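A quick note: this is a predicted structure, and the numbers were derived from the prediction, not measured.
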Amino acid sequence: MDQDILGSIVLLAIVTLISVVQNAFFANKVEHESRHCNGKVLQRQGSSSFDRVYTANQNCGHAYPTFLAVLWCAGLLCSQAPAAFAGLMYLFVRQKYFVGYLGERTQSTPGYLFGKRIILFLFLMSVAGILNYYLVFFFGSDFEIHIKTITNAISPLLLIP
């Protein structure tokens, strides 16, 4: 594969692979809790701690396709580095949500809200990349440098809770 193409997607691929490892961790927690509560057989019904782990895993799984779609769209259409940074932040807050859900359910709320903000940022990056493409296509105006500058400047603001 061409080095230029690899260079433009390698950070996105790294974030995607880290998210796969995180999903495996979540699934392992569900399996461990099921075996801990029910003996050797993997069952869906169990204690309230199993229900919390299972529900947290399901909630994280439901948002996963959306995360991957906006991560790759933002990285390919707009700018790879801010998209990868936002992706890492999303994985961090998804971990915070998962762990928070295992305690009091109110502990998971900050991770959930923070995750929504990151998904919105990635979505807006994707839309900006699409708009820039059509501005170049129809009018010959390229705002790619301005969009990359703005996303590079805004992405550290994702650290603010």
Side-chain angles (χ1 to χ4, degrees), residues 1-32 53-103 105-161:
M1 193 171 221
D2 188 20
Q3 286 299 101
D4 291 335
I5 294 172
L6 279 177
S8 66
I9 63 170
V10 69
L11 295 176
L12 301 174
I14 290 169
V15 172
T16 302
L17 291 175
I18 292 171
S19 72
V20 168
V21 171
Q22 187 181 50
N23 283 341
F25 170 76
F26 292 162
N28 189 37
K29 291 294 265 182
V30 171
E31 180 182 2
H32 174 74
V53 171
Y54 181 78
T55 303
N57 183 46
Q58 289 298 309
N59 291 346
C60 289
H62 290 155
Y64 188 63
T66 303
F67 162 69
L68 285 180
V70 295
L71 172 71
W72 279 88
C73 286
L76 293 175
L77 299 172
C78 192
S79 183
Q80 178 186 204
F85 175 74
L88 286 175
M89 291 303 302
Y90 180 79
L91 296 178
F92 174 76
V93 299
R94 190 167 77 150
Q95 184 74 26
K96 182 176 174 61
Y97 170 81
F98 187 84
V99 171
Y101 206 92
L102 301 182
R105 292 183 193 227
T106 57
Q107 293 175 347
S108 65
T109 304
Y112 173 75
L113 296 174
F114 200 33
K116 279 180 38 177
R117 187 170 65 177
I118 293 170
I119 293 290
L120 176 64
F121 174 73
L122 289 169
F123 175 77
L124 292 175
M125 280 182 66
S126 301
V127 170
I130 291 168
L131 288 175
N132 186 57
Y133 171 79
Y134 281 110
L135 285 172
V136 170
F137 186 76
F138 288 119
F139 303 111
S141 300
D142 189 1
F143 293 98
E144 181 180 6
I145 294 171
H146 301 295
I147 292 170
K148 285 184 178 185
T149 302
I150 291 169
T151 56
N152 285 335
I154 291 175
S155 62
L157 297 177
L158 293 174
L159 295 171
I160 299 171

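- F92 places none of its side-chain heavy atoms less than 4.5 Å from the side chain of Q95.
- Here the straight-line distance linking atom CG of L11 with atom CG of L88 works out to 8.5 Å at 0.5 Å rounding.
- The minimum heavy-atom distance between S155 and F85, with the atom names listed, is O-CE2, 3.2 Å.
- In this structure, a donor-acceptor pair under 3.5 Å is present between the side chains of R94 and N23.
- Exactly one of V127, L131, N132, I130 qualifies for a side chain to side chain contact (heavy atoms under 4.5 Å, CB included) with L77. That residue is I130.
- Here the straight-line distance linking atom CG of L124 with atom CD1 of I150 works out to 12.0 Å at 0.5 Å rounding.
- Y134 and F138 have parallel rings, their planes meeting at less than 30° on a 0 to 90° scale where 60° marks the start of perpendicular.
- L71 contributes atom CG, which lies 11.5 Å from atom CD1 of I118 (distance to the nearest 0.5 angstrom).
- Annotation for T151 and S79: closest pair OG1-CB, 4.0 Å, computed over non-hydrogen atoms.
- Side-chain contact between V20 and Y64: present, with at least one pair of heavy atoms (C-beta onward) separated by less than 4.5 Å.
- A pairwise comparison of heavy atoms in P82 and N152 identifies CG-OD1, 2.8 Å as the closest pair.
- Within the 4.5 Å cutoff, no side-chain heavy atoms of K29 are placed close to those of N57.
- For L17, the CG atom sits in a packed shell: over 12 heavy atoms of surrounding residues, nucleotides or ligands are nearer than 6.0 Å.
- Atoms CZ and OG, on F25 and S19 in that order, are 14.5 Å from each other to the nearest 0.5 Å.
- In the model, N59 has no side-chain atom that pairs as donor or acceptor with a side-chain atom of Y112 under 3.5 Å.
- The OH atom of Y97 sits 9.5 Å away from the OH atom of Y90 when rounded to the nearest 0.5 Å.
- Here the OH atom belonging to Y101 is positioned 4.5 Å from the OG1 atom belonging to T55, to the nearest 0.5 angstrom.
- Residues W72 and T16 bring a donor and an acceptor atom of their side chains to less than 3.5 Å of each other.
- Between L157 and A153 the shortest heavy-atom distance is CG-O, 4.2 Å.
- The minimum heavy-atom distance linking A74 with M125 is given by the pair CB-CB, 3.7 Å.
- Using a 4.5 Å heavy-atom cutoff, the side chains of V53 and F98 are in contact.
- In this structure, the side chain of Q80 engages the main chain of V10 through a donor-acceptor pair within 3.5 Å.
- The two atoms that bring S8 and I5 nearest to each other are OG-O, 2.8 Å, heavy atoms only.
- E144 places none of its side-chain heavy atoms less than 4.5 Å from the side chain of I147.
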